[in-house]
> 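My questions all concern the structure below.
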Amino acid sequence: MLERKFIVENAAAVKQNCANRGMSCDVDRLVQLEEQRRAKLLEVEELNRKANEFAKSIGKAKDEAERNAKKEEGRKLRDAKDAAQAEHDKLDAEAREVQLLVPNMTHPAAPVGSGDHANVEVRRGKSEVRKFDFKALDHVELGEKLDLFDFEAGARTTGHGFYFLKNDCVLLDLALQRYAVDVLSRHGFTLTTTPDLARQEVLMGTGYNPRGPETQIYSIAGSDLCLVGTAEITLGGMYAEQTIDAEKLPIKLAGISHCFRTEAGAAGKATRGIYRVHQFTKVEMFAFTLPEQSDAMLEQLRDIECDIFDGLGIPYRVIDTASGDLGGPAYRKYDLEAWMPGRGTGGEWGEVTSTSNCTDYQARRLNIRSKRKDEKGTRFAHTLNGTAIALSRALIAVLENYQQADGSVEVPRALQGWMGKEKMTPKV
RNA sequence: GGAGAGGUGGCUGAGUGGUCGAAAGCGCCGGUUUGCUAAACCGGUGUACGGGAAACUGUACCGCAGGUUCGAAUCCUGUCCUCUCCGCCA
């Protein structure tokens with residue numbers, strides 16, 4: 001959410017930014033509504049001031065007759081105030097409705113445009129894309145040989161898009177988590193496991209819409225709780241309504257959670273195997289910073305993601321996401337796309353991580369402030385998030401890149417200790 | 001799940017319809033005194049939004065949302081959270 005004052009004062013820039021991001025929102029109307037609201041607020045405050053003044057004088061009235069006469073007058077003032085307040089609230093609600101649709105501003109260096117061609121590849125990982133001298137299998141085929149997944153049972157118990165991990169895949173899943181946690185711990189992150197459910201309020205605060213036909217979020221009937229789509233939601237909510245001392249910033253959190261996504265409207269998209277599923281586990285990074293620290297923090301989060309995948313020996317490319325694909329809260333976003341040899345006909349890049357600087361967009365909704373001792377007042381903190389390891393996608397990358405001609409899969413060196421073996425071999 | 005108690009400023013804690021944005025203490029900041037430190041004393045000390053060059057000033061906020069009233073921290077309803085006891089359980 002952008003500040004209304006900012007939108008009013010920078011209407012032209014905000015409009016251009018909406019256009020760059022492919023979002024349609026009526027900035028002109030918002031400006032108009034806000035100006036009307038301001039005028040009405042002055043009126044409300046003036047009436048309220050009078051009414052307060054009057055109410056105080058009643059307490060000092062000398063007798064019952066004077067008191068009753070004054071009460072009548074006080075009631076009129078209060079009624080007038082209530083009427084003005086109602087008009088103000090209506091304007092406020094209308095303005096807010098538009099305001100919530102306005103996306104964050106965009107980093108000046110981020111590419112402008114939309115679609116894959118607009119995104120810019122800024123870097124490659126250390127590992128070369130491997131040349132196979134045999135036909136590379138995809139993770140589903142590998143999973144059959146190694147007995148790693150049970151999709152039928154997932155569908156039976158829960159539905160399409162759910163699955164059981166089995167045998168070595170469970171070990172690999174845990175090893176990847178343990179590996180990521182280890183890296184983040186060394187980078188000074190506070191480790192957490194987070195609730196898998198959150199209040200709607202927190203969802204909204206982080207920029208997710210729990211309702212509507214296109215929502216990605218599952219809701220729990222009979223409560224205002226939702227299953228989280230990512231630990232970003234709970235980690236952001238962790239400091240909701242808090243004012244954080246500047247000396248404590250930046251705060252770097254690592255959160256492990258399950259992630260639930262309805263994937264509404266995703267029918268027909270690459271759905272084979274565990275690439276796009278309704279539930280997966282993720283180790284997430286989250287940071288709260290002072291406003292002047294967030295640009296550098298985004299680079300840091302991106303570099304950690306690179307380290308994690310370099311450490312796994314998986315080839316990837318880094319994408320500087322173009323304005324049209326940033327969504328609502330992100331000011332700038334980098335994605336890591338890992339090479340997945342089993343995708344498409346001869347392998348394809350597939351998104352495995354994403355890191356965003358949301359500046360104060362989420363903090364304003366969640367009311368998270370920073371306070372410096374030498375500074376009057378407070379400023380909204382900046383929030384950033386990034387994927388350390390998203391299981392499912394990371395599992396695919398490991399399985400497909402480390403497969404051998406005989407159907408076995410080597411375990412990346414970095415995981416061997418956590419996994420307790422060097423190779424996953426077919427049951428025969 | 002059942003019964004009860006409670007949520008007030010950075011903290012402790014008073015306040016049961018009017019002059020309460022809120023006593024007092026602690027903490028913190030500034031000052032005086034003082035070989036130094038401590039103590040003592042004096043003054044200051046919430047946040048947001050609006051007006052003003054500034055001094056300053058208006059409005060709102062006593063978990064949150066409603067309601068009663070001319071007037072609510074105080075009364076009523078709902079809700080969230082915390083604590084205690086019982087039950088159940090990993």
Side-chain angles (χ1 to χ4, degrees), chain A residues 1-9 30-31 33-96 99 193-205 210 219-226 233-234 237-249 251 258 288 290-291 360-381:
Chain A
M1 180 168 68
L2 294 178
E3 193 185 7
R4 286 208 203 146
K5 189 160 68 177
F6 176 86
I7 297 172
V8 169
E9 286 169 3
L30 178 56
V31 170
L33 284 167
E34 180 60 6
E35 275 162 5
Q36 289 173 9
R37 187 191 71 85
R38 282 278 182 78
K40 191 53 80 175
L41 183 62
L42 284 180
E43 199 181 318
V44 171
E45 290 195 345
E46 177 59 16
L47 284 166
N48 208 11
R49 192 186 60 73
K50 280 186 189 157
N52 281 344
E53 211 171 83
F54 206 82
K56 281 182 188 174
S57 79
I58 292 178
K60 292 174 187 150
K62 50 185 182 299
D63 57 50
E64 208 52 29
E66 183 186 336
R67 194 176 282 248
N68 285 330
K70 284 195 159 188
K71 276 189 189 179
E72 182 55 33
E73 191 58 33
R75 197 175 292 127
K76 278 184 190 161
L77 273 170
R78 201 55 81 175
D79 284 347
K81 178 240 150 187
D82 285 344
Q85 181 78 55
E87 289 178 52
H88 167 271
D89 291 351
K90 189 160 171 283
L91 290 166
D92 189 51
E94 279 182 57
R96 185 175 172 80
Q99 184 187 11
T193 62
T194 91
D196 287 339
L197 290 89
R199 292 181 207 295
Q200 286 197 13
E201 207 185 306
V202 176
L203 276 278
M204 305 279 278
S219 299
I220 305 295
S223 82
D224 75 335
L225 293 175
C226 304
I233 293 165
T234 39
M238 225 174 153
Y239 282 85
E241 307 293 329
Q242 308 294 307
T243 301
I244 308 168
D245 285 342
E247 306 93 84
K248 294 197 177 124
L249 295 171
I251 292 172
H258 294 114
F288 299 93
L290 289 172
D360 60 1
Y361 193 86
Q362 293 176 325
R364 186 169 286 114
R365 293 197 195 193
L366 291 166
N367 195 22
I368 301 172
R369 295 159 189 280
S370 65
K371 167 79 182 160
R372 284 171 66 132
K373 270 207 166 116
D374 55 350
E375 212 171 61
K376 211 182 147 188
T378 57
R379 288 185 295 163
F380 286 109

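Numbered from 1 within each chain, the chains take letters A, B, ... in sequence-line order. Values below: every heavy atom of this structure, side chains too, minus hydrogens, waters and symmetry copies. On a predicted model such as this, the values are computed, not experimentally measured, just so you know.
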> Using a heavy-atom cut-off of 4.0 Å across all strands, would you classify A/T243 as base, sugar-phosphate, or nothing?
nothing
> With both distances kept under 3.5 Å, what pairs with B/G87, Watson-Crick or G-U wobble?
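Pair assignment: B/G87 / none.
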> Could you tell me the separation between the CD atom of A/E9 and the P atom of B/G50, rounded to a whole number of Å?
9 Å
> Please determine, for the side chain of A/R75, which listed nucleotide (B/A48, B/U47, B/C70) has the closest atom?
B/C70
> Which nucleotide in the set B/C80, B/G71, B/U47 lies at the smallest distance from any side-chain heavy atom of A/R78?
B/G71
> For A/K50, does the NZ atom sit with more than 12 other heavy atoms under 6.0 Å from it, leaving out its own atoms?
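Incorrect, the count does not exceed 12.
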> Mind checking whether A/E43 and A/H88 have side chains closer than 4.5 Å, heavy atoms only?
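No, their side chains stay 4.5 Å or more apart.
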> Could you check which nucleotide pairs with B/A55 in any of the strands shown, counting Watson-Crick or G-U wobble with both distances under 3.5 Å?
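Base-paired to nothing in any strand shown.
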> Take the protein atom CD of A/Q85 and the nucleotide atom C1' of B/G66, then report the distance between them rounded to whole Å.
14 Å
> For A/L42, report the nucleic acid contact type (base, sugar-phosphate, nothing); a contact means any heavy atom under 4.0 Å.
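The residue A/L42 makes sugar-phosphate contact but no base contact.
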> Please give, in whole Å, the distance from B/G71 P to A/K76 NZ?
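From A/K76 NZ to B/G71 P: 15 Å.
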> Does the pair A/E73/A/K70 count as a salt bridge with the N-to-O cut at 4.0 Å?
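No.
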> Which whole-number value in Å describes the distance from A/N48 CG to B/A72 C1'?
14 Å
> Of the listed nucleotides (B/C80, B/U59, B/U47), which one gets closest to any side-chain atom of A/R199?
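Ranking B/C80, B/U59, B/U47 by closest atom to the A/R199 side chain puts B/C80 first.
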> Please determine, for B/A24, whether a Watson-Crick or G-U wobble partner exists with both distances under 3.5 Å, and give it or none.
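The base-pairing partner of B/A24, which may sit in any strand shown, is B/U12.
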> Please give the nucleotide sitting opposite B/A40 as a Watson-Crick or G-U wobble pair, both distances under 3.5 Å, or none.
B/U32
> Taking the side chain of A/A55 as its heavy atoms from C-beta onward, which of B/G50, B/G71, B/A60 lies nearest to it?
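Nearest to the side-chain atoms of A/A55, counting from C-beta on, is B/G71.
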> Is there a Watson-Crick or G-U wobble partner for B/U77 with both distances under 3.5 Å, and if so, which one is it?
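B/A65 is the nucleotide pairing with B/U77.
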> B/A48, B/C70, B/G50: which one has an atom nearest the side-chain heavy atoms of A/K71?
B/C70
> Please give the nucleotide sitting opposite B/A5 as a Watson-Crick or G-U wobble pair, both distances under 3.5 Å, or none.
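Its partner is B/U82.
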> From the set B/G50, B/A60, B/U47, return the single nucleotide nearest to any side-chain atom of A/N52.
B/A60
> Considering only side-chain heavy atoms of A/R38, which listed nucleotide, B/G50, B/A48, B/A60, is closest?
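It is B/G50.
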> Nearest heavy atom decides the nucleotide; on that basis, is A/F380 or A/E45 closer to the 5' end of RNA chain B?
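Nearer the 5' end of the strand: A/F380.
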> Using whole Å, what does the distance between atom C1' of nucleotide B/U69 and atom NZ of A/K70 come to?
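Distance, rounded to whole Å: 17 Å.
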> Any salt bridge between A/E46 and A/R49, counting N to O under 4.0 Å?
yes
> Can you check the distance between B/G10 and B/C64, where both ends of the measurement are the P atom (answer in whole Å)?
13 Å
> Is A/K81 touching bases, backbone alone, or none of the nucleic acid, heavy atoms closer than 4.0 Å?
nothing
> Hey, is A/E35 close enough to A/R38 for a salt bridge, meaning N to O under 4.0 Å?
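Judged by the 4.0 Å cut-off on N to carboxylate O distance, A/E35 and A/R38 do not form a salt bridge.
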> Heavy atoms only, 4.0 Å cut-off, all strands: where does A/K50 land among base, sugar-phosphate and nothing?
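Contact class for A/K50: none.
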